[in-house]
Amino acid sequence: MNSLQGKHILLAMSGGIAAFKVAELARLLIQDGASVQVAMSEAATQFMTPVTMQALTGQPVYTNQWDARIPNNMAHIELSRKADLILVAPASADMMAKISLGLADDLISVLCLARECPLIVVPAMNKQMWENAATQENIQKLKSNGVGILGPTSGTQACGENGMGRMLEAKEIFEGVVAFFQPKLLTGKKVLITAGPTYEAIDPVRGITNKSSGKMGFAIAQAAIESGAKVTLIAGPCHLDTPLEFTGSVNRINVTSAQEMSDAVMQELDADIFFAVAAVADWTVENAATQKIKKDGSNQASPELNFKLNPDILAEVSKKSQASQKPFCVGFAAETNDLESHAKEKRVKKNIPLLVANLGPSTFGLDDNELLLVEESGTSKMPRANKLTLARQLINHISKKI
Ligand code: C5P
């Protein structure tokens, strides 16, 4: 996707066993277009060699502030001035304490103190060190000084213990950096999203669902978080991870049936934008059995299912939004044929400002898609791309309308 094209990232490593993940992180950042300059504390060199990081980044690695390769011995000024972002990973408890206090007694802490660019730290430490009040105070201080914090997460630790303090995986840190550089188009805005399929029970073990994977809705949630929005993601049954809260926030509400989805949406209606991405079942089984239906009837007759119409969530929200013009409603439609005419008809029927259509169901479950945007002013196309790229383009498009 090359979201980091032209960005200079100063990857500052302090000591910790999680340093091994930083090799992969450097690779991901470079692959996405960034230039990566590595600086390492003395402790970091105990875990990874400067030669490894130099080979991966193609740039000389600096390990102390007196490096003679920098004119005037001004490594701290020279290196930090070139950067668009300083990323401290792993950030040990000791290094975070130094940065929060403004100490400058080694290359990493001096780079952070002398910086003019933003700073993100990626904590990595034992759970007791993380939970220690001193570390928590330092974290709060860093946050209130505008320093970004990525992670940590909870899990097995190198010391054999299990708990909070484990550094995020390389891919997650990379996604956090990409999110950081996305334009903050929705700061202060609330975004409500439905995603995935719904499931209508026939009996306790059987039900009716559809092929929606939830990927498009979750991509929109991620793009909205990256844009600084406060996101509520109402998800039908799907196995996707909730996007991490890098720059915005997310509240995920899991539901099963269309009625549950509708109830959750009505509770969370105080939003600026509503993305109805879920493939909601139009019908539910009115006479769902409370016990498993047996096929051993004497005449082998099939069970008689009576269907009743589910609430049309989008149409309801659209109706409620007419007076206040809030939320801005975005509908989705997967069509097998006559995409444009069906999409135009659906937009008018639902009375919404924007309908996003695609040719399905072949796109269900795929990582990419191509979209047709239908609005009152006309139609426009978003050519085939990764769903996250399309989601970012959609956010950009809509941010100009609210
Ligand atoms: O009416 P149809 O299902 O074709 O419209 C699709 C759009 O309406 C999607 O945005 C979908 O999320 C939404 N929808 C809804 N509630 C329903 C059915 C569809 O919100 N019961």
Side-chain angles (χ1 to χ4, degrees), residues 191-201 207-221 223-224 231-238 240 252-269 271 273-286 307-322 327-365 369 371-375 379 382 387 390-391 394-395 397-398:
V191 174
L192 178 61
I193 302 165
T194 62
T198 61
Y199 177 95
E200 309 299 322
I208 300 169
T209 186
N210 59 64
K211 290 168 82 174
S212 169
S213 65
K215 283 184 179 174
M216 192 67 220
F218 277 60
I220 290 176
V231 174
T232 302
L233 174 61
I234 299 175
C238 57
L240 298 176
R252 175 174 178 170
I253 301 170
N254 289 324
V255 296
T256 303
S257 66
Q259 185 61 56
E260 281 172 26
M261 186 172 273
S262 174
D263 293 345
V265 166
M266 297 312 155
Q267 287 275 325
E268 301 290 333
L269 208 50
I273 311 173
F274 173 47
F275 287 96
V277 199
V280 186
D282 291 317
W283 303 87
T284 192
V285 182
E286 196 174 25
F307 289 96
K308 79 169 182 207
L309 208 53
N310 269 325
D312 188 323
I313 306 169
L314 177 57
E316 284 294 312
V317 175
S318 163
K319 213 183 290 172
K320 289 180 193 287
S321 74
Q322 295 307 314
F328 182 92
C329 291
V330 186
F332 281 73
E335 302 289 346
T336 54
N337 56 294
D338 302 313
L339 182 67
E340 188 161 341
S341 58
H342 283 316
K344 283 182 169 165
E345 213 175 282
K346 200 163 280 184
R347 188 192 75 80
V348 173
K349 208 170 97 198
K350 305 251 182 191
N351 196 13
I352 53 175
L354 172 60
L355 188 119
V356 180
N358 67 273
L359 275 179
S362 55
T363 55
F364 282 10
N369 204 347
L371 304 176
L372 180 73
L373 272 58
V374 180
E375 294 166 280
T379 60
M382 284 187 179
K387 285 180 177 170
L390 292 169
L394 264 179
I395 296 277
H397 184 85
I398 294 163

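Each ligand, and each atom within it, is numbered from 1 in the order the structure gives. On a predicted model such as this, the values are computed, not experimentally measured, just so you know.
In terms of protein heavy-atom proximity, atom 3 (O) of ligand 1 is nearest to D282 OD1, 4.0 Å. Ranking the protein heavy atoms by distance from atom 10 (O) of ligand 1 puts A276 O, 2.5 Å first. Shortest contact from atom 12 (O) of ligand 1 to any protein heavy atom: A278 O, 2.6 Å.
Around atom 16 (N) of ligand 1, the closest heavy atom drawn from I313, V330, V317 belongs to I313. Counting heavy atoms only, P311 comes closest to atom 21 (N) of ligand 1 of the residues A279, A195, G217, P311.
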Next item on the list: Please test S321 against F274 for side-chain contact (heavy atoms from CB on, under 4.5 Å), starting from the C-alpha separation and ending with a verdict.
Entry: CA-CA 10 Å; S321 74; F274 173 47; over 6 Å; no
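With a heavy-atom cut-off of 4.0 Å, L314 touches ligand 1 through backbone and side chain alike. Counting heavy atoms under 4.0 Å from ligand 1, residue A333 does not touch it at all.
At least one heavy atom of K350 sits less than 4.0 Å from an atom of ligand 1.
Of the charged side-chain nitrogens involved, at least one lies within less than 4.0 Å of a carboxylate oxygen, so that K344 and E340 count as a salt-bridged pair.
Each of the following atoms of ligand 1 lies closer than 4.0 Å to a heavy atom of G331: 10 (O).
Ring orientation note: the planes of F275 and F332 are tilted relative to one another, at an angle of 30° to 60°.
A donor-acceptor contact closer than 3.5 angstrom links the side chains of S318 and Q322.
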